[in-house]
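Have a look at the structure below before the remarks.
All of these numbers come straight from a predicted model, not from anything done at the bench.
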Amino acid sequence: DRHQRLLQKSKEGNGGDRIPADPCLETVALILQKKLPLVLEADTSTEIHRALDFAEEFKITVIISGGRDAWKVKDRLASSKVPVLLKLAFSEAPEKEKEIPPLAKLERERQRKEEVACAHALQTAGVKIALSTNGIIGDKPTEKWRANLQKALQAGLTQEAALTALTLQGAEILGVSAQVGTLEVGKYAHLQVTTTDPLNPDAQTKFLFIDGMKYEYEVAKKDPPKIPPVEKKAEVIEPKVDQEIETEADRKPKLQTKGSVIFRNATIITCGKEGTITNGEIEVVDGKIKYVGPARIREQPIDPKVIDLG
């Protein structure tokens, strides 16, 4: 606060030495003025209580990040209207757990079940949550995150609540819901096209569109039945000089949207007031959504490009 007063005095030319700019103190000033929320990392119930006490003492807006034991503080979080960026990084049983006494093993299993059920408990209590990948480690963190999401669903988190926590509520918590979070006219065209319901464990990403720009992913096919190999003479295949390597093909996709594209025959999960639209259409112009709704009957234009997802 003192830094802000001195800085303002210096800007107004009321004498005194020039105050050097300090981005850290300027950010703190915005937090104290409630123009920015403060994100506090807290996992245990004690850490979360301390974070809430801190927010009440300085009368600031806070967001809890982590929230492993947030279900223990759900009533206070709900009454204080403090949201949680809930990480889906669940504890796993170590190898040495087989050697501990049975009662201790049961207690650890109970704690892990409570951890998995945290999202459902917070949802039921009315706490706004966004699901986070923070803290997930390993060789394939994406696959582990999807597996952990399935665990949370099996523990009671509804599919509707999960979708909202993955989209709209995250945008609302971070204060950017006017730009992203749902598929609505005027918002940025950040879209994910999957092979089936995105919450289905077998769903694979086909395309990502960021501001209407297309990024294509290879969809893994199921392995065909194995057929015993037929012995044959080895043959030499001469490489083609003009053959494109994979990275070069990725840099030059066949479809250049340039930020404008139309999707047709799609099942659209808007995560907004329109709900889920079957046989829907999305039109993107210059990276923003211009139309989202039922498919329109009209002649196919040359530009923007049309992608049939049927």
Side-chain angles (χ1 to χ4, degrees), residues 23-92 111-138 141-153 155-158 161-182 190 199 271:
C24 293
L25 287 177
E26 290 172 13
T27 302
V28 170
L30 293 174
I31 292 171
L32 292 173
Q33 296 166 13
K34 288 192 172 183
K35 293 181 179 179
L36 275 181
L38 176 64
V39 180
L40 295 173
E41 185 80 22
D43 276 315
T44 68
S45 58
T46 300
E47 291 171 345
I48 296 172
H49 276 304
R50 287 174 179 171
L52 296 178
D53 291 342
F54 181 81
E56 291 176 0
E57 179 180 353
F58 289 94
K59 296 180 174 57
I60 60 175
T61 302
V62 298
I63 299 170
I64 300 298
S65 176
R68 185 189 64 221
D69 294 337
W71 62 274
K72 297 178 181 179
V73 199
K74 60 183 180 181
D75 293 333
R76 188 179 180 189
L77 287 168
S79 62
S80 303
K81 296 183 179 179
V82 172
V84 178
L85 301 177
L86 185 65
K87 62 182 181 183
L88 293 184
F90 301 143
S91 303
E92 297 180 0
Q111 292 174 352
R112 286 193 289 269
K113 288 179 180 178
E114 290 172 343
E115 191 178 340
V116 171
C118 183
H120 173 56
L122 294 177
Q123 171 210 349
T124 304
V127 179
K128 183 175 288 188
I129 64 172
L131 301 180
S132 166
T133 60
N134 184 32
I136 297 179
I137 59 175
T142 304
E143 293 182 9
K144 184 175 289 187
W145 185 86
R146 290 182 66 87
N148 287 350
L149 176 59
Q150 292 302 315
K151 291 179 182 179
L153 290 168
L157 181 67
T158 65
L163 274 174
T164 306
L166 288 167
T167 53
L168 176 60
Q169 288 186 172
E172 289 177 340
I173 291 171
L174 298 177
V176 292
S177 58
Q179 292 82 37
V180 295
T182 58
H190 299 338
L199 296 183
C271 298

Please step through side-chain contact (heavy atoms from CB on, under 4.5 Å) for the pair V127 and V84, ending with a clear verdict. CA-CA 8 Å; V127 179; V84 178; 4.1 Å; yes

Verdict with supporting geometry, C118 and L86, side-chain contact (heavy atoms from CB on, under 4.5 Å): CA-CA 9 Å; C118 183; L86 185 65; 4.1 Å; yes

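When the side-chain contact (heavy atoms from CB on, under 4.5 Å) test is applied to A155, the partners found at least two apart in sequence or on another chain are V116, A117. Scored by the side chain to side chain donor-acceptor pair (under 3.5 Å) test, N148 finds no partners at all (sequence neighbours excluded). Remark: K151 pairs with no residue by the side chain to side chain donor-acceptor pair (under 3.5 Å) rule, at least two apart or across chains. Every residue two or more places apart in sequence or in another chain was checked for a salt bridge (Lys or Arg N to Asp or Glu O under 4.0 Å) with K74, and none qualifies. With sequence neighbours left out, T158 forms a side-chain contact (heavy atoms from CB on, under 4.5 Å) with Q123, E160, A161.
By the 4.5 Å heavy-atom criterion applied to side chains, V73 and L52 are counted as neighbours. Using a 4.5 Å heavy-atom threshold, the side chains of E92 and K144 count as touching. Contact check for I48 versus T46: no side-chain heavy atoms found under the 4.5 Å cut-off.
Smallest separation of non-hydrogen atoms from I129 and I173: C-CD1, 3.9 Å. Annotation for A130 and G170: closest pair CB-CA, 3.6 Å, computed over non-hydrogen atoms. Residues A78 and A125 approach most closely at CB-O, 3.4 Å, considering heavy atoms. Scanning both residues, L149 and A162, for their nearest heavy atoms gives CD1-CB, 4.5 Å. The two residues A89 and I136 come nearest to each other via the heavy atoms CB-CG1, 3.8 Å. The minimum heavy-atom distance between K87 and D43, with the atom names listed, is NZ-OD2, 3.0 Å.
In this structure, CG in L163 is found 5.0 Å from SG in C271, a value given to the nearest 0.5 Å. Once rounded to the nearest 0.5 Å, the distance linking CG of L36 with CG of L174 reads 11.0 Å. Note that CG of L131 and CD of Q169 are 8.5 Å apart. Values are rounded to the nearest 0.5 Å.
Tested against T182, the residues L168, T167, T164 include a single side chain to side chain contact (heavy atoms under 4.5 Å, CB included) partner, L168.
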Which pairs of donor and acceptor atoms, one on a side chain in residues 55-72, lie under 3.5 Å apart (sequence neighbours left out)?
from : atom 1 : to  : atom 2 : distance (Å)
E56  : OE1    : R76 : NH2    : 3.4
E56  : OE2    : R76 : NH2    : 3.3
S65  : OG     : E41 : OE1    : 3.4

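Side-chain atoms of E47 come within 3.5 Å of backbone N or O of T44 as a donor-acceptor pair. At least one donor-acceptor pair under 3.5 Å links the side chain of S132 to the backbone N or O of N134.
Within the structure, salt bridge (charged side-chain N to carboxylate O under 4.0 Å, His left out) pairs that include any residue of residues 112-131 comprise E97-R112, R110-E114, K128-E172 (at least two apart or interchain).
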